[in-house]
2 protein chains.
Amino acid sequence: MEIEIFRKFLSGRGLKLTNQRVAVFNEIFAFHGHFEPERLYLKIKDSGTRASRASVYRTLNLLVESGLVEKITRTEKGNVYEHTYGHRHHDHMVCEVCDEIIEFYSEKIENLQDEICRKNNFRGVSHTLEIRGYCGKCGRQR
Amino acid sequence: MEIEIFRKFLSGRGLKLTNQRVAVFNEIFAFHGHFEPERLYLKIKDSGTRASRASVYRTLNLLVESGLVEKITRTEKGNVYEHTYGHRHHDHMVCEVCDEIIEFYSEKIENLQDEICRKNNFRGVSHTLEIRGYCGKCGRQR
DNA sequence: AGTTTAATTGAAATTTAATCTCAATTTCAA
DNA sequence: TTGAAATTGAGATTAAATTTCAATTAAACT
Ligand SMILES: [Mn+2]
Ligand SMILES: [Mn+2]
Ligand SMILES: [Zn+2]
Ligand SMILES: [Zn+2]
């Protein structure tokens, strides 16, 4: 279970798996998709558990450090995250009109990136490839 | 000249090429590289011209809309821009230690992206590919 | 040249995501 | 049970970016 990974990550740092942290964790892993911290905070609030904004943000950062969650992009109105554990790495297309996010993965692009890193004597650790434009629905309307 | 393009862009909108706008433009096109709005503002201040922060930000947005300048990434401490007119599109590798930015371009990756867009019925307009990791210098030290 | 009109400017206020502060509370191992 | 250490949350703070709005400037039109 993913929660065990989180627990181990925490105890490795002398930190505790508190109710608030569990609440944040559960809300994030309850669905697959992208989310913003503020909406996450509100969802937790709705679910009945009490966890302050400060705790939500703090836990989110811990989850990112643990590798279970990734910050996938920074929009004008803040960061966007997704839980990545158990999901294959992928990149995103974002519709500029309706904000729809389409996920994609290209082995070829991944390999080309590795090649470019080697050529430049650069040790790549992570990357973000975001294509912005118009989704099928919104593209048609112009 | 690039300034003519800007002038035309402005007049097409009924806007004027003022001293402040010229100052922002000149400072940006005086060198090739990446910059943050605040540093740009300070450089203009140093150069003697008077232009408020508000004007710098406003002009920067106009330059982006005109296509002469691009917002290339959003860091924790704000946006990073570069003037792109006359420069071929390229992507970036960013060293997590020293913040060095290495530019690269891959025709193959560009083509693969176009292909993926077609497949997903997505009209790609722009993209950002940022590889994070360790540059040669900083990678050696670990 | 003088008048009208619209755009522009800048100082300060505002917005907003995210972080920080710190006193009170909780946790847990000894 | 006790004490050290971690955690929490309400509110303060930070900082990038935008907005406000009265004063100024530039152009367009008699
Ligand atoms: Mn995704
Ligand atoms: Mn560049
Ligand atoms: Zn759309
Ligand atoms: Zn480096």
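Chain A is the first sequence line, chain B the second, and so forth, proteins listed ahead of strands; every chain is numbered from 1.
- Annotation: cation-pi geometry not satisfied between B:Lys43 and B:Phe35 (NZ/CZ under 6.0 angstrom from ring centroid, within 45° of ring axis).
- If you take OH of B:Tyr81 and C1' of D:dA17, they are 9 Å apart, rounded to a whole angstrom.
- Of the candidates D:dT18, C:dT27, C:dT9, D:dT18 carries the atom nearest the B:Asn61 side chain, counting heavy atoms from C-beta on.
- Atoms CD1 (B:Ile44) and P (C:dG10) sit 10 Å apart, rounded to a whole Å.
- Summary of the strand contacts: A:Glu76 and A:Ala54 both lie near DNA chain D, and taking for each the nucleotide with the nearest heavy atom, the more 5' one is attributed to A:Ala54.
- Side-chain atoms of A:Pro37 lie closest to C:dA18 of the nucleotides C:dT8, C:dA18, D:dG9.
- For A:Ser55, counting side-chain heavy atoms from C-beta on, the closest listed nucleotide (D:dT8, C:dA7, C:dC20) is D:dT8.
- Counting any heavy atom pair closer than 4.0 Å across all strands shown, B:Arg58 reaches a base atom.
- For the pair B:Leu62 CG and C:dT9 C1', the computed distance is 13 Å after rounding to whole Å.
- Of the nucleotides present, D:dT2 is the one that pairs with C:dA29 by Watson-Crick or G-U wobble criteria, both distances under 3.5 Å.
- Among the nucleotides C:dG10, C:dC20, D:dT8, the one closest to the side chain of A:Thr18 is D:dT8.
- Among the atoms of the strands shown, only primed sugar atoms or phosphate atoms (P, OP1, OP2) are found under 4.0 Å from some heavy atom of B:Gln20.
- Summary of the strand contacts: B:Val80 and A:Arg21 both lie near DNA chain D, and taking for each the nucleotide with the nearest heavy atom, the more 5' one is attributed to A:Arg21.
- Side-chain atoms of B:Tyr57 lie closest to D:dA17 of the nucleotides D:dA17, C:dA6, C:dC20.
- The distance between atom CG of A:Asn19 and atom C1' of D:dT8, rounded to the nearest whole Å, is 11 Å.
- Distance NZ (A:Lys45) to P (D:dG9): 12 Å, rounded to an integer number of Å.
- Partner of A:Leu17 under the side-chain contact (heavy atoms from CB on, under 4.5 Å) criterion, chosen from A:Phe6, A:Phe9, A:Phe25: A:Phe6.
- Dashed line: the shortest gap from a side-chain N or O of B:Arg39 to OP1 or OP2 of D:dA16 is not under 4.0 Å.
- Computed from coordinates, the A:Arg74 CZ to C:dA18 P distance equals 10 Å when rounded to whole Å.
- If you take CG of B:Leu60 and P of C:dT9, they are 14 Å apart, rounded to a whole angstrom.
- Comparing C:dG10, C:dT19, D:dT7 by their closest approach to the side chain of A:Leu15 singles out D:dT7.
- Aromatic ring centroids of B:His83 and B:His34 lie 6.0 Å or more apart.
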Chi angles and distances behind the side chain to side chain donor-acceptor pair (under 3.5 Å) call for B:His127, B:Gln113: CA-CA 9 Å; B:His127 69 263; B:Gln113 286 183 56; 3.2 Å; yes
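- Closest to the side chain of B:Arg50, from the set C:dG10, D:dA5, C:dA6, is C:dG10.
- Seen from the ring of B:Tyr105, B:Arg88 counts as a face-on cation partner, given the 6.0 Å and 45° thresholds.
- Considering CG of B:Asn121 and SG of A:Cys135, their distance stands at 8.5 Å, rounded to 0.5 Å.
- Distance B:Leu42 CG to D:dA16 P: 11 Å, rounded to the nearest Å.
- The side chain of B:Lys16 approaches C:dT8 more closely than any other nucleotide in the set C:dT8, D:dA5, D:dA17.
- Take the nearest nucleotide of DNA chain C for B:Tyr41 and for A:Leu17: the residue whose nucleotide is more 5' is B:Tyr41.
- The side chain of A:Asn79 places no N or O atom within less than 4.0 Å of a non-bridging phosphate oxygen (OP1 or OP2) of C:dA17.
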